[in-house]
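Here the structure is laid out as structure tokens; the discussion comes afterwards.
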Amino acid sequence: MTTTTSFFDKKRFYGLSGQFLKQNRALMGFLALVYFIFFSLQYVIQIFMNNTYYDAATNATYLLNGPSNIYAPVSLVLVPMIACIVALVLPVVQLNYMHNKRAVDVYHALPVSRGTMLCAHIAAAFATAMIPLLLNYAVILVAGFGRGLSRNFVFMPAAILGDALMWGAITFTIMAIVTFVAVQVGSAFNTFVLGLEFIFAGSALYLTVTLLCEQYLLGWNGRDVGLRALVLSPVTAMARYLAASWNDPSGQFWDILLPICLWF
């Protein structure tokens with residue numbers, strides 16, 4: 001029994017992850033519907049509309065926004081909000097068992113190590129957040145190919161896949177921060193509040209220190225302070241990425257993803 005509960009067991013991990021994921025099927029269906037309405041459906045409507053803007057200088061039709069050119073105006077606002085809220089709330093809910101004495105006693109009585117149990121919960125939360133989003137990216141890719149690769153239509157499958165990878169990295173980063181907080185505190189409310197603080201702590205601290213140096217140190221040049229501060233938080237880094245146009249190198253994939261890796 002001691003050996004069983006002391007080591008990470010891959011078979012039990014996969015079994016528990018699948019079980020927790022089945023419990024989240026209704027939530028995944030709801031998220032898939034929400035993303036479809038505010039993301040992929042908006043894309044389909046936009047690319048098959050006739051009232052597009054044609055730029056003769058670049059010989060391109062601008063339909064949408066973002067580096068991957070897949071975000072309608074409503075999508076550019078709502079999709080990041082929904083995705084970030086889901087990435088923050090899901091691990092709080094999924095790890096709530098650690099803050100309930102009865103649930104802890106039941107789970108820890110099982111022949112599964114605590115590490116395996118924790119990883120299974122987080123894997124289920126990550127899959128619950130990403131599977132609906134990836135399904136909608138698949139819809140976007142199919143619709144884009146259906147629209148056709150005409151000369152004046154901006155359709156970049158590689159950029160769209162990179163966009164999906166960006167959301168995976170951002171979601172994983174937010175969930176990792178919340179998980180770190182969850183194992184240190186004693187309630188779901190504290191996990192939510194402190195997790196939110198940790199997510200924005202890097203940007204806030206960098207911005208505060210830089211502004212103080214600019215005010216009190218003669219000759220200090222805080223050039224591009226805002227842009228550097230943005231990439232120190234996963235949420236603001238994604239906002240910076242989405243704010244760039246498809247041909248703007250300042251918001252490209254690696255420029256945002258590499259600073260996120262500093263969290264680990």
For G144 and I47, the nearest pair of non-hydrogen atoms, with its separation, is N-CD1, 4.3 Å

In short, V44 meets A143 closest at the heavy-atom pair CG2-CB, 3.7 Å

| Under a single-linkage definition using a 4.5 Å side-chain heavy-atom cutoff for Ile, Leu, Val, Met, Phe, Trp and Tyr, are L41 and V139 assigned to the same hydrophobic cluster? | no

message = Just so I know, are the side chains of M117 and Y97 near enough to count as touching, which here means a heavy-atom distance under 4.5 Å?
response = yes

*asked:* Could you see if L90 belongs to whatever hydrophobic cluster contains L194? Use Ile, Leu, Val, Met, Phe, Trp, Tyr and a side-chain cutoff under 4.5 Å.
replied: yes

### Message
Taking the side chain as everything from C-beta on, heavy atoms only, tell me whether P80 gets closer than 4.5 Å to W167.
### Response
yes

>> Let me check something: do L135 and L78 share a hydrophobic cluster, defined by ILVMFWY side-chain heavy atoms less than 4.5 Å apart, either directly or through other members?
In response: no

Worksheet item: Do the side chains of Y14 and M28 join up, straight or via other hydrophobic residues, at under 4.5 Å, putting them in one cluster?
Response: no

Worksheet entry | Any donor-acceptor pair under 3.5 Å from H121 side chain to L95 backbone | no

Output for pair (F155 CZ, I160 CD1), nearest 0.5 Å, gives 4.5 Å

Separation between CD1 (I82) and CZ (F39), nearest 0.5 Å, reads 10.5 Å

Please report, to 0.1 Å, the donor-acceptor pairs under 3.5 Å made by any side chain of residues 182-190, with sequence neighbours excluded.
residue : atom : partner : partner atom : Å
S187    : OG   : N190    : N            : 3.2
S187    : OG   : N190    : ND2          : 3.1

| query | Are I131 and L16 grouped together when hydrophobic residues (ILVMFWY) are joined by side-chain heavy atoms under 4.5 angstrom apart? | reply | no

A72 and Q46 have their tightest heavy-atom pair at CB-CG, 4.0 Å

Here the gap from M156 atom CE to L161 atom CG, rounded to the nearest 0.5 Å, amounts to 11.5 Å

Exercise for review: Would you please indicate if the ring centroids of Y71 and Y43 are separated by under 6.0 Å?
Suggested key: no

Taking side chain as C-beta onward, heavy atoms only, is Y241 less than 4.5 Å from P67?
yes

dist T179:OG1 -> I174:CD1 (nearest 0.5 Å) comes out at 11.5 Å

### Query
Would you say the side-chain atoms of S68 pair up with the backbone N or O of D163, donor to acceptor, closer than 3.5 Å?
no

dist T191:OG1 -> L196:CG (nearest 0.5 Å) comes out at 12.0 Å

Taking every heavy atom of A120 against every heavy atom of S17, the minimum-distance pair comes out as CA-OG, 3.5 Å

Is a side-chain N or O of S203 found less than 3.5 angstrom from the main chain of S233, in a donor-acceptor match?
yes

With heavy-atom distances below 4.5 Å as the criterion, would you say the side chains of L141 and Y137 are in contact? no

Polar side-chain atom of Q42 near backbone of I37 as donor-acceptor pair, under 3.5 Å: yes

CG of L21 to OG1 of T128, rounded to nearest 0.5 Å, is 5.0 Å

If only atom types and distance count, is the side chain of N96 paired as donor or acceptor with the main-chain N or O of V92 below 3.5 Å? no

Answer whether the closest heavy-atom distance between the side chains of F126 and P91 falls below 4.5 Å. no

Correct closest heavy-atom pair for A87 and T171 would be CB-CG2, 3.9 Å

